[in-house]
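See structure below.
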Amino acid sequence: MNARVLVVDDDPLIRLLAREALLEIGLEVEEAEDGPAALAAAEAVQPDLILLDVVMPGMSGFEVCRHLRDGMRTRLIPVIMLTGLGDEDSIARAFDAGATDFILKPINWTLLRFRTRYVLRTAQLMKELVRNKESLSNAQRIARLGSWEWYPDEGRLVRSVQYYRLFGQTPETLQGDMEAVLPLVYGPDRAAVAAAFGAARQGMGYQLTYRVVWPDGSVRTVQETAEPILPEMRMGPGEVIEGSIQDITDQVDAQRRIRQLAYFDPLTGLPNREFFREALLAAVARLQRQNGRCAVMVLDIDRFARINESLGEDRGDQVLQVLAHRLREAMGDRLQAEPAGGGNLPRFKVARLAADEFGILLPDVVSDDEALDRAQELLGVLRAPIRVPGQDIVLSARIGVALLPEHALDADALLKAAETALSQAKRGGGGHISLFSEQMKVAAFLRFTLEGDLSRAIHDEVLQVVYQPIIDVDSGKIVKAEALVRWPHLARGSVPPSEFISLAEESGLIVPLTRAVMGRVVGDVARLALDMPTGFRIAVNLSGLNFMDARLIPGLRAQLEAAGVHPSRLEFELTETVLMRDLDYATQVLGQLREMGFKVAVDDFGTGYSSLAYLRKLAVDTLKIDRSFVNELNDGQGMAIVEAVIGLAHSLGLEVVAEGVETVDQLEALRQRGCHLVQGYLFATPMPWDKLAHLLQGGPLLPGAQR
């Protein structure tokens with residue numbers, strides 16, 4: 001499209017972005033930074049289109065547009081006004097000043113490119129029709145374009161055949177002067193059309209978009225352009241006004257569909273992230289003018305990916321649609337068609353920000369407590385069972401909450417604060433609500449920095465693997481050891497595993513981290529394989545991400561074959577929570593691990609489901625009693641849990657290991673109740689492989705010997 005566009009804006013960044021957007025579609029671009037420069041450039045360059053900012057120092061966009069319409073050489077140049085003033089009065093002023101169209105700020109550059117192309121095509125078509133009047137009739141039929149000639153002094157009006165068709169009329173049903181069409185104009189547009197006709201009587205041209213109502217009740221959108229004929233071009237005395245009118249309903253509908261794609265989620269019908277952000281920008285601007293308050297919530301569905309994996313994406317989509325409907329109902333949102341011709345963004349309160357993440361706007365919230373109460377209500381709404389063919393699904397969610405102006409002063413910062421609070425809620429567990437605080441902001445930055453450091457530490461092989469022995473209390477000998485990872489940070493010193501392991505799980509780094517640990521363990525075992533005691537094995541922890549990774553089995557097979565290590569030398573520790581996420585999948589993978597020769601332990605047993613039913617289905621070999629129960633052996637309830645776990649293990653023929661044994665009294669209590677494998681600081685702290693190898697060659701490890 002070989003056309004020239006004049007961009008007028010006092011903001012150089014807007015001009016730069018507009019230039020880049022227009023150059024991408026092959027347009028030539030001129031720039032002006034204020035009103036006088038714009039008028040001079042319009043006269044000199046004669047652009048095909050002008051993009052005109054409304055709010056500029058000195059001369060406003062409205063004044064510039066009026067001057068353009070008064071100029072003989074510039075009066076018909078199409079003008080698209082760029083405005084952040086989305087109220088109806090400002091839009092009406094733009095059209096009154098002679099604007100062809102308008103686009104709201106912040107500018108959606110995709111819509112700008114489409115709108116620019118459309119206006120340029122329409123303007124070019126108008127010019128060609130004026131230059132080629134001999135083919136006007138055929139062109140009108142193809143383009144659904146009508147024409148007319150008005151002789152106000154004579155009270156005479158000549159309309160083309162296509163003109164009548166655009167109103168759903170015939171020459172017999174539509175007679176009289178220009179004002180005869182006013183009853184056919186859509187009510188809200190009628191005053192603007194009447195004003196344009198009045199201006200034409202005074203010898204002024206106009207360009208106007210309005211809606212007409214056909215006899216069958218349907219509404220069509222037309223664009224009408226009028227131009228007075230110059231005296232030297234007239235065929236006789238008196239004023240003559242020529243005009244053209246085109247049905248642009250299809251273009252308007254196309255623009256609306258483009259807007260729908262750009263701003264709405266096709267699955268749920270909810271506004272998308274871009275829409276939510278723009279609506280939030282408008283809401284924050286309004287509330288700041290009024291000294292008002294609002295809250296933003298970001299809601300994330302717990303473990304939603306497992307629904308898609310276990311039930312299929314179709315069922316997952318159905319669940320999302322139900323969730324969207326519930327949130328919409330709870331917040332009082334109603335999806336409705338956008339008025340023809342666009343306008344302000346509807347004030348939705350709920351949007352879909354990501355696959356299983358929703359944004360909620362609470363306008364005019366009174367207090368923190370009110371926002372938290374609403375968040376709690378939403379959690380209750382989402383907990384109601386969702387019926388899909390074959391079963392009921394019960395979901396939980398986590399919510400981050402941030403308030404204006406307490407936590408942020410602009411829309412982007414407010415949304416970011418809510419997302420930061422959501423991250424804290426995720427670390428707090430399912431069903432948790434977190435309110436943003438400055439401490440979260442600092443912690444999020446430190447966590448982001450630490451994540452980068454951890455990624456480099458994994459890549460540079462900085463992490464260390466140490467081993468904590470597991471002792472047979474009858475013989476006092478080491479029968480296996482648990483591999484543990486340590487991180488010596490150059491700046492922070494030793495980073496606690498509780499801190500960087502949780503970070504690795506949240507960021508997905510746990511997969512390469514575990515792969516690196518496995519490589520180190522397999523290498524250590526390979527170096528001592530021939531001298532290791534019979535039955536001795538190393539236990540390695542597997543996270544949920546590792547266990548669900550389709551590359552787990554092939555990766556293990558490749559690592560062991562390359563090192564020449566038999567799977568019987570290794571044991572994997574998994575928590576009950578990981579195994580219970582998908583019992584069928586866990587059964588399948590554990591069966592494959594057992595066939596290969598690996599052993600499997602259930603870590604932290606007693607803190608989760610602790611169900612005999614699932615243990616009987618799974619190929620596991622060991623139960624590990626969580627250290628929290630060992631610490632409470634002097635408590636009646638703690639002792640009862642330990643006895644129950646030991647009894648359950650014996651009844652199923654499983655080994656049982658007690659973690660965190662630190663005193664002789666704990667050791668004796670466990671021994672008396674039949675727990676023969678123990679692990680803890682009473683015997684040894686985690687140690688390098690060489691020290692463990694040395695201990696394996698020695699005699700019994702007596703209590704306190706390696707303190």
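Nothing here was measured: the structure is a model prediction, and the numbers come from that model. Numbering starts at 1 and runs along the sequence shown.
Within the model, atoms CG of Asp453 and CG of Leu490 stand 9.0 Å from one another, a figure rounded to the nearest 0.5 Å. Taken to the nearest 0.5 Å, the CZ atom of Arg273 stands 13.5 Å off from the CZ atom of Phe358. For the atom pair CG of Asp369 and CD of Gln376, the computed distance is 12.5 Å after rounding to the nearest 0.5 Å. One distance of note links CD1 of Ile625 with CZ of Arg673; it measures 11.0 Å at 0.5 Å rounding. A distance of 11.0 Å separates CD of Glu505 from CG of Leu509, quoted to the nearest 0.5 Å. Residue His459 holds its NE2 atom at 13.5 Å from CG of Leu454, rounded to the nearest 0.5 Å.
A donor atom on one side chain and an acceptor atom on the other are not found under 3.5 Å apart for Thr587 and Asp584. For Thr268 and Asp265, the side-chain atoms include at least one donor-acceptor pair closer than 3.5 Å. Between the side chains of Asn541 and Glu482, at least one donor N or O sits under 3.5 Å from an acceptor N or O.
Put simply, the side chain of Phe683 does not reach to within 4.5 Å of the side chain of Ile478, judged on heavy atoms. Counting heavy atoms from C-beta on, the side chains of Phe276 and Val350 never come closer than 4.5 Å. A 4.5 Å side-chain heavy-atom check between Leu677 and Val656 finds every atom pair outside the cut-off. Taking 4.5 Å as the limit, every side-chain heavy atom of Val661 sits out of range of all side-chain heavy atoms of Tyr681. Annotation: side chain of Val540 is not in contact with side chain of Glu571 (no heavy-atom distance under 4.5 Å). Leu570 is not listed as a side-chain neighbour of Arg537, based on a closest heavy-atom distance of 4.5 Å or more. Proximity of Leu382 to Leu327: side-chain heavy atoms (C-beta onward) are separated by under 4.5 Å at one or more points. With a 4.5 Å cut-off on side-chain heavy atoms, Glu643 and Met639 count as touching.
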Review point. Under the side-chain hydrogen bond (donor to acceptor under 3.5 Å, both in side chains) criterion, do Thr663 and Asp665 qualify, and how do the steps go?
Key: CA-CA 5 Å; Thr663 68; Asp665 289 341; 5.3 Å; no
Practice item. Verify side-chain contact (heavy atoms from CB on, under 4.5 Å) between Leu414 and Leu280, making sure each step is shown before the conclusion. Key: CA-CA 9 Å; Leu414 185 62; Leu280 188 57; 4.3 Å; yes
Point to revise | CA sep, side-chain torsions, deciding dist, call: Leu528, Val525, side-chain contact (heavy atoms from CB on, under 4.5 Å) | key: CA-CA 5 Å; Leu528 193 65; Val525 171; over 6 Å; no
Check your understanding: Should Asp472 and Ser475 be marked as a side-chain contact (heavy atoms from CB on, under 4.5 Å) after you check the CA-CA gap, both sets of side-chain angles, and the distance that decides it?
Key -> CA-CA 6 Å; Asp472 184 324; Ser475 66; 3.5 Å; yes
Exercise for review: Apply salt bridge (Lys or Arg N to Asp or Glu O under 4.0 Å) to Glu461 and Arg456, showing your working.
Suggested key: CA-CA 8 Å; Glu461 300 183 353; Arg456 286 188 291 273; over 6 Å; no
Exercise for review: In sequence, state the C-alpha distance, the side-chain angles, and the governing distance for Asp621 and Arg594, and then conclude on salt bridge (Lys or Arg N to Asp or Glu O under 4.0 Å).
Suggested key: CA-CA 10 Å; Asp621 306 281; Arg594 171 166 286 183; 3.1 Å; yes
Point to revise | Test salt bridge (Lys or Arg N to Asp or Glu O under 4.0 Å) applied to Arg398 and Asp300, step by step | key: CA-CA 5 Å; Arg398 291 161 286 192; Asp300 178 86; 3.3 Å; yes
Practice item. Carefully, step by step, assess Cys294 and Leu362 under the rule side-chain contact (heavy atoms from CB on, under 4.5 Å). Key: CA-CA 6 Å; Cys294 72; Leu362 297 175; 5.9 Å; no
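Distance alone, capped at 3.5 Å, places no donor-acceptor pair between the His650 side chain and the Cys675 backbone. Not one N or O on the side chain of Asp460 forms a donor-acceptor pair closer than 3.5 Å with the backbone of Val462. A side-chain donor-acceptor contact under 3.5 Å links Gln666 to the backbone of Glu662. One N or O on the side chain of Ser507 and one on the backbone of Leu503 form a donor-acceptor pair closer than 3.5 Å. With hydrogens and angles ignored, the 3.5 Å screen pairs a side-chain donor or acceptor of His407 with a backbone N or O of Phe436. Although no hydrogens or angles enter the test, the distance criterion places a donor-acceptor pair under 3.5 Å between the side chain of Ser502 and the main chain of Glu499. Here the side chain of Thr514 pairs no donor or acceptor atom with the backbone of Val511 at under 3.5 angstrom. Formation of a donor-acceptor pair under 3.5 Å by the Arg486 side chain with backbone atoms of Ser494 is not found in this model.
Pairs engaging residues 549-560 under the side-chain hydrogen bond (donor to acceptor under 3.5 Å, both in side chains) rule: Asp549-Arg551 [sequence neighbours left out]. Pairs engaging residues 315-326 under the salt bridge (charged side-chain N to carboxylate O under 4.0 Å, His left out) rule: none recorded [sequence neighbours left out].
The minimum heavy-atom distance linking Glu573 with Ala539 is given by the pair OE2-CB, 3.4 Å. When all heavy atoms are compared, the tightest approach of Ile301 to Ala397 is CD1-CB, 4.1 Å. Contact record, Ser434 with Ala421: CB-O, 3.3 Å, taken as the closest heavy-atom pair. Between Leu270 and Ala324, the closest heavy-atom pair is CD1-CB, 3.6 Å. Counting all heavy atoms, side chain and backbone alike, Ala483 lies closest to Ile538 at CB-CG2, 4.0 Å. Closest approach of Pro469 and Gln679 over heavy atoms only: O-CG, 3.7 Å.
None of Lys480, Lys624, Lys599 except one satisfies the salt bridge (charged side-chain N to carboxylate O under 4.0 Å, His left out) rule with Glu655; the exception is Lys480. For the pairing with Ile360, the side-chain contact (heavy atoms from CB on, under 4.5 Å) check across Leu378, Ile399, Val401 returns one residue only, Leu378. Each of Leu670, Asp603, Thr622 was scored for a side-chain contact (heavy atoms from CB on, under 4.5 Å) with Val657, with one residue passing: Thr622.
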